[in-house]
2 protein chains.
Amino acid sequence: MASIDTPEAHKSRTGLVVDVALRVLLFATALVAIILMVTSKQTKLIPVAPGLAIPKDARFNHSPAFIYFVAALSVASLYSIITGVLSALALMKPAGISTKLQFHFVMFDALLLGIVAAATGAAGGVAYIGLKGNSHTRWNKICNTYGSFCFHFASSILFSLISSITLLLLVWLSLYVLSKKIARR
Amino acid sequence: MASIDTPEAHKSRTGLVVDVALRVLLFATALVAIILMVTSKQTKLIPVAPGLAIPKDARFNHSPAFIYFVAALSVASLYSIITGVLSALALMKPAGISTKLQFHFVMFDALLLGIVAAATGAAGGVAYIGLKGNSHTRWNKICNTYGSFCFHFASSILFSLISSITLLLLVWLSLYVLSKKIARR
């Protein structure tokens with residue numbers, strides 16, 4: 001058991017604890033973002049003629065950008081479960097995480113970072129039009145009508161932004177741990 | 001000079017050559033994407049009444065998503081110049097690139113990957129509305145009117161997608177080279 005108590009092993013262990021915590025955070029934020037997006041449906045009576053109003057829905061799946069958003073974050077949350085469990089299992093072993101597994105983690109973390117960041121960007125770009133409209137192309141804003149819908153969207157995009165930042169931090173953390181491994185040898 | 005001819009040093013050297021090539025590709029694609037986006041301006045006569053038409057511009061800076069897109073790709077192309085030169089200088093030195101510098105490269109590569117992927121997503125999401133419109137929110141498509149404008153946009157987004165993929169490949173390449181360094185020691 002002496003090998004666990006060396007300062008290097010202790011450092012690598014701290015890194016692994018932070019790794020698991022970040023993956024739990026990734027799972028939580030991605031899941032909250034999905035739930036907020038999927039439950040954003042709002043129905044409003046839209047006046048079409050004097051004395052006549054028809055109910056109209058606003059739903060996330062009216063725009064392909066948001067469908068991609070939900071798909072990307074579902075992949076991210078599924079991924080965070082798998083890697084989180086693997087990291088937690090490695091934490092229980094006295095040898096810690098193997099360097100090879102860690103490299104595979106960073107590679108997929110970087111891929112997921114690209115996917116989630118693109119989803120956040122796409123949803124943010126479209127949601128901004130919904131919020132402010134665009135006078136040049138005469139795209140009307142919809143957030144004045146569908147208030148709660150837009151509030152759901154804004155929160156969801158904020159959470160997915162936190163997911164992206166978490167993924168970036170995961171990449172940086174793994175790099176830091178690996179750099180310590182190289183320096184140590 | 002014997003140290004250069006060992007198989008390990010040779011491998012690390014090949015990695016560095018690919019690294020420089022990828023950074024040149026990143027610079028080229030980011031620059032082409034910016035140029036295509038900035039030169040996309042198109043003016044059309046839009047009929048407002050029978051016998052009366054007014055000229056109307058379509059420009060990239062009418063939407064904040066595209067302003068962010070140009071800013072992000074400008075940063076990426078500037079970054080690719082700096083890191084490309086540093087990599088090329090390391091290639092000339094017999095010792096190759098230092099592990100510390102390489103770690104800093106991967107960290108910034110990952111950050112840039114997030115920024116460029118988000119920009120591609122944002123531009124893609126908004127451009128898709130321009131192409132197809134959105135019947136639910138009554139956002140009309142504009143690509144039937146501004147054809148060359150949209151062609152510039154589509155090409156620009158394609159090039160920025162290549163930039164994102166190049167950044168991901170750069171991260172993966174550095175990780176591969178670093179993993180070889182760990183395995184070797």
Side-chain angles (χ1 to χ4, degrees), chain A residues 56-59 61-66 68-69 72 99-100 102-104 106-107 109-111 113-130 132-142 146 161 164-165 167-168 171-172 174-176 178-179 181-185, chain B residues 56-59 62-66 68-69 72 99-100 102-104 106-107 109-111 113-130 132-142 146 161 164-165 167-168 170-172 174-176 178-179 181-185:
Chain A
K56 263 197 109 176
D57 281 358
R59 307 172 78 158
N61 57 3
H62 286 172
S63 165
F66 297 118
Y68 170 61
F69 179 88
T99 307
K100 199 168 179 181
Q102 202 159 21
F103 267 113
H104 287 123
V106 200
M107 287 181 87
D109 286 350
L111 179 64
L113 168 63
I115 291 171
V116 174
T120 309
V126 176
Y128 188 86
I129 298 175
K132 296 275 180 182
N134 191 322
S135 57
H136 300 96
T137 54
R138 279 173 293 141
W139 291 342
N140 52 306
K141 54 177 126 177
I142 56 161
Y146 294 97
L161 184 64
S164 312
I165 295 171
L167 277 164
L168 183 61
V171 171
W172 283 359
S174 301
L175 283 172
Y176 177 77
L178 289 170
S179 81
K181 264 186 191 170
I182 289 189
R184 193 161 80 214
R185 285 175 193 204
Chain B
K56 263 197 110 177
D57 281 357
R59 307 172 77 159
H62 286 172
S63 164
F66 297 118
Y68 170 62
F69 179 88
T99 307
K100 199 168 179 180
Q102 202 160 19
F103 266 114
H104 286 122
V106 201
M107 286 181 86
D109 286 350
L111 179 63
L113 168 63
I115 293 172
V116 174
T120 308
V126 176
Y128 188 85
I129 298 175
K132 296 276 180 183
N134 191 321
S135 58
H136 299 96
T137 53
R138 278 174 294 141
W139 291 343
N140 51 307
K141 53 177 128 177
I142 56 160
Y146 295 98
L161 185 64
S164 312
I165 295 171
L167 278 164
L168 183 62
L170 273 170
V171 172
W172 283 357
S174 300
L175 283 172
Y176 176 77
L178 289 170
S179 80
K181 264 187 191 171
I182 290 188
R184 194 161 80 216
R185 286 176 192 208

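Owing to the predicted nature of the structure, the values given are computational and were not obtained by experimental measurement. In the text below, chain A, chain B and the rest are named by the order of the sequence lines, each starting its count at 1.
Looking at A/Val171, the atoms closer than 4.5 Å to chain B (heavy atoms on both sides) all sit in the side chain, from C-beta outward. Only the side chain of A/Ile142 comes within contact range of chain B, with at least one heavy atom under 4.5 Å from a heavy atom of that chain. Both the backbone and the side chain of B/Leu175 come within contact range of chain A, each with at least one heavy atom under 4.5 Å from a heavy atom of that chain. Contact of A/Leu167 with chain B is not made at all, since no heavy-atom distance falls under 4.5 Å. A/Ser63 touches chain B through backbone and side chain together, each having a heavy atom under 4.5 Å away. With a 4.5 Å cut-off on non-hydrogen atoms, A/Asn140 touches chain B through its backbone and its side chain both. The contact between A/Ile129 and chain B is made by backbone and side chain atoms together, counting heavy-atom distances below 4.5 Å.
Contact count versus chain B (heavy atoms, under 4.5 Å) is highest, among A/Ala110, A/Gly130, A/Ser174, A/Ala65, for A/Ala110. The greatest number of non-hydrogen atom pairs below 4.5 Å with chain A, out of B/Val116, B/Asp109, B/Leu111, B/Ile115, is found for B/Leu111. Comparing B/Ser164, B/Gly124, B/Ala119, B/Pro64 by heavy-atom pairs within less than 4.5 Å of chain A, the highest count is held by B/Pro64.
Looking at residues two or more places apart in sequence or on another chain, you find a side chain to side chain contact (heavy atoms under 4.5 Å, CB included) between B/Ile165 and B/Leu161, B/Leu169.
In this structure, CG in B/Leu113 is found 5.0 Å from CG in A/Leu113, a value given to the nearest 0.5 Å. Atom CZ of A/Phe103 sits about 4.5 Å away from atom CG of A/Leu178, to the nearest 0.5 Å.
Within a 6.0 Å radius of OH in A/Tyr128, no more than 12 heavy atoms belonging to other residues, nucleotides or ligands are found. Atom NE2 of B/His62 has more than 12 neighbouring heavy atoms from other residues, nucleotides or ligands inside a 6.0 Å radius.
A/Trp139 has its side chain within reach of B/Val126: a pair of non-hydrogen atoms, C-beta onward, lies under 4.5 Å apart.
Among all heavy-atom pairs drawn from A/Phe66 and A/Ala127, the shortest one is CZ-N, 4.1 Å.
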